[in-house]
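The structure appears right after this line, and notes come after that.
Naming convention: chains lettered A, B, ... in sequence-line order (proteins, then strands); numbering from 1 in each chain.
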Protein chains: 2
Amino acid sequence: MDAADRPHHTFAVGSTARDNSTGREARPLVEAQDRFVAAWGQMGSVWGISRTMAEVHALLYITGEPMCTDDVMERLRISRGNASMSLRALVDWGIVARANKRGDRKEYFRAEQDVWTMARAIVRQRIKREIDPMLAGLYEIRDMTRPDAKPARRTDRDPVAEHHRRLDALVDLTITLQRASQMFVSSKGSGLRAAASMLGSAVFDQPSKGASTTRSGPRARSEPGGENP
Amino acid sequence: MDAADRPHHTFAVGSTARDNSTGREARPLVEAQDRFVAAWGQMGSVWGISRTMAEVHALLYITGEPMCTDDVMERLRISRGNASMSLRALVDWGIVARANKRGDRKEYFRAEQDVWTMARAIVRQRIKREIDPMLAGLYEIRDMTRPDAKPARRTDRDPVAEHHRRLDALVDLTITLQRASQMFVSSKGSGLRAAASMLGSAVFDQPSKGASTTRSGPRARSEPGGENP
DNA sequence: TTGAACTTTCAGAATAAATTGAAACACGCA
DNA sequence: TGCGTGTTTCAATTTATTCTGAAAGTTCAA
């Protein structure tokens, strides 16, 4: 189940085999581009953005050319509305920029070409859209039950206390993830790689007992582990 | 639009307010649990697993109790089939374990209670299901076009060369992500946090100018086992 | 081997999400 | 102002995903 899934994309190439400095390699190149577009689209649907939006991004990235709405519509065979929405969303995410060609009133769009900059923009958005709200939710839920003034009849097996402990553990995990991500976002160059190669395989780990539950305070930093696929 | 979305879950509590050592705090506790279940379910759909699967996991985690299929069905008001599938998937992911109660033929399930262990299991699966296949795909696509023996008429503006450069940059990013994730997976304790606090804020980044694109050769260690989600 | 107690499967139904296309909307210019 | 060009919106529709529930499958004790 790869590219064979959406035949209309995979082969939508035909007429689009446009001019290349050397006309020669054109067809295979375009086919490879389409394959990439399809693959990236799949990936997109796995990480929660619409398949089309990911495809539009893939197209802009892999060709490197600024394109206007019509170019995208034609190449991807999608409707004007869809193309417009997807482009706008990509601009919102900060991985595609508007660009104007002089003497042409149309708006063109070009994808960020540096993959690390792109990755940072994506992580930034995910912090904002996923991590932050999750954290807010966890706090709110935790506060639905009072820690219960009296430390429970018998100290053992207090369900509410355990419930709080579990939420706190999750809060702790989430905060760490948030900080690590923020650090990556504010890094320069290929931040993650530098960080990763620094840590010998040995450095990881530490006991880690009592989770920190308190809302703020400077702490961890590192790579977005498996965070943002 | 928070919990108000799915009224049937948010209020499915009624009869379920079961015995707690102290019957007192029961209702608020159960409500907080349901709220957590709903929140975690939302999150799940963002990261590509089904809402129900995430809800089942949330329930098992937040109660800390081993539960059988019927318990889950009743509490979440879902069908037997759905409960069964979700539980199995969670076991596959390695974040829920089967457990048996003596003198009871039913199968019980309990969620991993250590959040870091849980996070590692999740990252492990995502490497396998998302990163590895993506990497395999990128290599395959890159190989669709030959690097073109002759170094191009004019050295500048060779579309195929640029195409390769872009794919290589992505490969590089993906491999780094893969390695960082693998490192997290094989860490102990609260790996990420420990690692994070090690690196001063300064270490990040490195010039990384012309994108270290030359990766080529080594096929990385993906597991193109052909299988995907 | 039989059958009660559980679990898994899967076709169809229900639900959710993405897409289209045409109308409404901006903008700059003669 | 009125017009041509280009962009955005959104109700209706199409497509994809998830859920149900009953039937089929397992397992084990007797």
Side-chain angles (χ1 to χ4, degrees), chain A residues 1 4-9 12 37-38 40-57 66-92 96-109, chain B residues 1 4-9 12 37-38 41-57 59 66-92 96-109 228-229:
Chain A
M1 338 166 174
D5 285 342
R6 290 188 303 293
H8 56 292
H9 281 154
V37 166
W40 203 244
Q42 287 265 302
M43 195 47 49
S45 60
V46 171
W47 22 290
I49 73 175
S50 93
R51 201 196 65 227
T52 302
M53 182 175 153
E55 287 181 341
V56 171
H57 175 249
M67 291 186 174
C68 66
T69 307
D70 294 82
D71 294 335
V72 172
M73 286 171 61
E74 185 192 327
R75 179 71 183 263
L76 259 29
R77 301 283 182 88
I78 59 176
S79 72
R80 182 172 301 283
N82 200 359
S84 172
M85 297 279 247
S86 297
L87 285 167
R88 193 151 68 78
L90 288 168
V91 171
D92 284 348
V96 161
R98 292 170 197 276
N100 289 38
K101 275 185 177 168
R102 38 152 79 251
D104 189 340
R105 207 131 73 61
K106 273 204 282 290
E107 266 197 305
Y108 284 76
F109 299 86
Chain B
M1 23 157 125
D5 285 341
R6 289 191 302 293
H8 56 290
H9 280 155
V37 165
Q42 287 263 302
M43 195 45 51
S45 60
V46 170
W47 14 293
I49 73 174
S50 91
R51 200 194 68 228
T52 302
M53 183 176 153
E55 287 180 342
V56 172
H57 175 250
L59 177 62
M67 290 186 174
C68 67
T69 306
D70 293 82
D71 294 334
V72 173
M73 286 171 62
E74 184 191 329
R75 179 71 182 264
L76 259 29
R77 301 282 183 89
I78 61 176
S79 72
R80 182 172 301 283
N82 200 0
S84 172
M85 296 280 248
S86 297
L87 286 167
R88 192 151 70 78
L90 288 168
V91 171
D92 285 347
V96 162
R98 291 170 197 275
N100 289 39
K101 275 186 179 168
R102 38 153 78 253
D104 190 339
R105 204 131 76 59
K106 273 205 281 290
E107 266 197 304
Y108 284 76
F109 299 86
N228 70 359

Under 4.0 Å from OP1 or OP2 of dT19(C): is there any side-chain N or O of Thr52(A) that close? yes
Could I get a table of every N or O pair under 3.5 Å where one atom is in the protein and the other is in nucleotides 5-14 of chain D?
from, atom 1, to, atom 2, distance (Å)
dT7(D), OP1, Glu107(A), N, 2.9
dT8(D), OP2, Ser84(A), OG, 3.2
dT9(D), OP2, Arg88(A), NH2, 2.6

Ile78(B) atom CD1 is separated from dT18(D) atom P, nearest whole Å, by 14 Å
Those residues at least two apart in sequence (or on a different chain) that pass side-chain hydrogen bond (donor to acceptor under 3.5 Å, both in side chains) with Asn100(A) are none
Leu76(B) atom CG is separated from dT18(D) atom P, nearest whole Å, by 16 Å
SB check Asp70(B) Lys106(B) (cutoff 4.0 Å): no
For Arg98(A), the side-chain hydrogen bond (donor to acceptor under 3.5 Å, both in side chains) test, sequence neighbours excluded, returns Glu107(A)
* Ser84(B) side chain to Arg80(B) backbone, donor-acceptor under 3.5 Å -> no
Whole-Å distance, Arg77(A) CZ to dG21(C) C1', equals 17 Å
When rounded to whole Å, the CE to P distance for the pair Met53(A) and dA18(C) reads 11 Å
Ser45(B) (side chain) donor-acceptor with Gln42(B) (main chain) under 3.5 angstrom = yes
- With side chains defined as the heavy atoms from C-beta onward, is the minimum distance between Trp40(A) and Glu55(A) less than 4.5 Å? no
